[in-house]
Amino acid sequence: MEADRRLPSWAVARFYVTTPIYYVNDAPHIGHAYTTVTADALARWHRMCGDSVHFLTGTDEHGLKVARAAQANGLTPKEQADRTSERYKEVWKSLDVTNDDFIRTTEERHYKATAALMQAAYDNGWIELRPYEGLYCVACEAYYVEAELEDGNLCPIHHRPVEVLSEENYFFKLSEFTERLLSWYQDNPGAVSPESKRNEAIGLIRGGLRDISISRTSIRWGVPVPWDPEHVFYVWYDALINYATAIGYGSDPDTFGLWWPHVHHLIGKDILRFHCVYWPALLMAAGLEPPKRIAVHGYLLVGGEKMSKTSLNQIAPGDLVSDFGVDGYRYHFLRDQTFGPDGDFSYEAMVARYNSDLANNLGNLLARVSTVVERKCSGVGPKPDPASRLGAVAAEVYTQAADAWERIAPSEALEATWRLVREANAALEAAEPWKAEPGPQVDAVLGDCLEVLRLVALLASPALSRASQEIWRRIGLPGEVTEQRLPDAGAWGGYPGGVRVERGAPLFPRIAS
Ligand code: MSP
């Protein structure tokens, strides 16, 4: 990594991580939380690695969808947005999400940045006014293409005839970016992951890009076009710009220059076209670099279906937190859902994972070690053996876990981490220190297991936001887990020994299945 004088002296690298901004027509559900909790775990990991981290999430508050939801609820769009964005903030807080900023697209800073970025693209000649003729549903205030209509040219929502309507729209000349986008993909093989999604994006570009309409005159709930305020930007084109607004585009060039383009966008596969095709092109049009990385994940399915308001299959995070706790919640989604493909959510699988990994494996290790230390070592934790076999396992586990966090593969990182937990439990069972007389052999195995607990508290802390600190405290370590710096703190032998170990209540009480 090249040295950069603008970085804080302690920082190793910059890590700007974003979630999509969520529409405020709908309440937060576990699908939204999946992206946000993953981003949070990555932010926590990178902070421990000493990186300078900026973690952004927020809400997408313009557009017809929101205006309609407001109308249905008897609210103004702004009232609807205020209420729902507050709910998002509360849910993120309840899941220990450590975002550095929360952007709302109705904020003044966002209007300014959107105007500035679009003006730059306009001044560069990439936006122009064109007549647009389309099939319009007045009730929807939206255009349809013929293929979307029901027989008889009926609107699929209102089942009423659409009208041929023409208005003038601003168009972004996306078609002229085909070659530049393809060469960006070629030069940056890691920019979009996984590979299958990168190929999908390249396929969309190769399939032929059409210029896109980016403004509307038919609605007022949006960001006005700065050079022609009769128009507002179509919701997606202000939404994407949130990632630039939040780091000071158009108002604070130094901060913007510090973070851009070191951004890692986490998105669901439903919004690939916008992020992997339109967004890089729009940035190029404004004279900016495309994002460093876009990581695309699949859907969280419930009963094999995507959650939606209409299927009535949405699950609120709070319902699961009350059964599993914040740690149980976060651990399940990070460990059991592979980042990338679709995954099915099941309550039974969540119970099984909680009981096996948290209650039985980690919880038991802590309980057994602290009980035996109390009985055989007068409650004072012994030192680990520098040459222990577990030390070699720990080194392998560290390498695997660090690599997996870097690749945005939390399930692999946690799987590797739990190997260490299992091996420590096996070492305890082999040595049976609870049966032995106090002495060097008992000290050796307990010291090693305490060191494993220290390392697991560190490596699992992106997932276990609370339990990791509690383990740290019970095994007698001072300060905060999150203040430790990797890789140094991840090396075998850091447990000092000679500190008091506390035996407490079960950390993860078993859940009846
Ligand atoms: N507002 C746009 C995004 C604009 S970003 C510049 C939007 N919002 S959304 O609320 O509908 O969904 C946003 C994201 O929520 C999805 O891309 C995805 O990351 C996440 N998810 C919503 N439902 C999901 C599942 N069922 N499963 C996994 N993620 C899901 O699109």
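The basis for the numbers below is simple: all heavy atoms, side chains too, and nothing from hydrogens, waters or symmetry mates. Counting starts at 1 for both ligands and their atoms, following the listed order.
- In summary, the aromatic rings of Tyr234 and Phe172 are positioned with their centroids too far apart to meet the 6.0 Å limit.
- With ring centers used as reference points, Phe233 lies 6.0 Å or more from His62.
- In summary, the aromatic rings of His231 and Tyr170 are positioned with their centroids under 6.0 Å apart.
- Heavy atoms only, all atoms of each residue included: Ser213 and Asn169 are closest at OG-OD1, 2.8 Å.
- With Lys197 contributing its side chain and Ile294 its backbone, the two residues share no donor-acceptor pair below 3.5 Å.
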Report all N/O contacts between ligand 1 and the protein shorter than 3.5 Å as a table of atom names and distances to 0.1 Å; if there are none, say 'none'.
residue  : atom   : partner : partner atom : Å
ligand 1 : 1 (N)  : Ile21   : O            : 2.8
ligand 1 : 1 (N)  : Asp60   : OD2          : 2.7
ligand 1 : 10 (O) : Tyr23   : N            : 3.2
ligand 1 : 17 (O) : Gly268  : N            : 3.2
ligand 1 : 17 (O) : Asp270  : OD1          : 3.1
ligand 1 : 19 (O) : Thr35   : OG1          : 2.9
ligand 1 : 19 (O) : Gly268  : N            : 3.1
ligand 1 : 19 (O) : His297  : NE2          : 3.4
ligand 1 : 26 (N) : Leu300  : O            : 3.2
ligand 1 : 27 (N) : Leu300  : N            : 2.8
ligand 1 : 29 (N) : Gly31   : O            : 3.2

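- Residue pairs that meet the side chain to side chain donor-acceptor pair (under 3.5 Å) test with at least one member in residues 318-331, sequence neighbours left out, are Asp40-Arg330, Asp323-Tyr347, Tyr331-Asp357.
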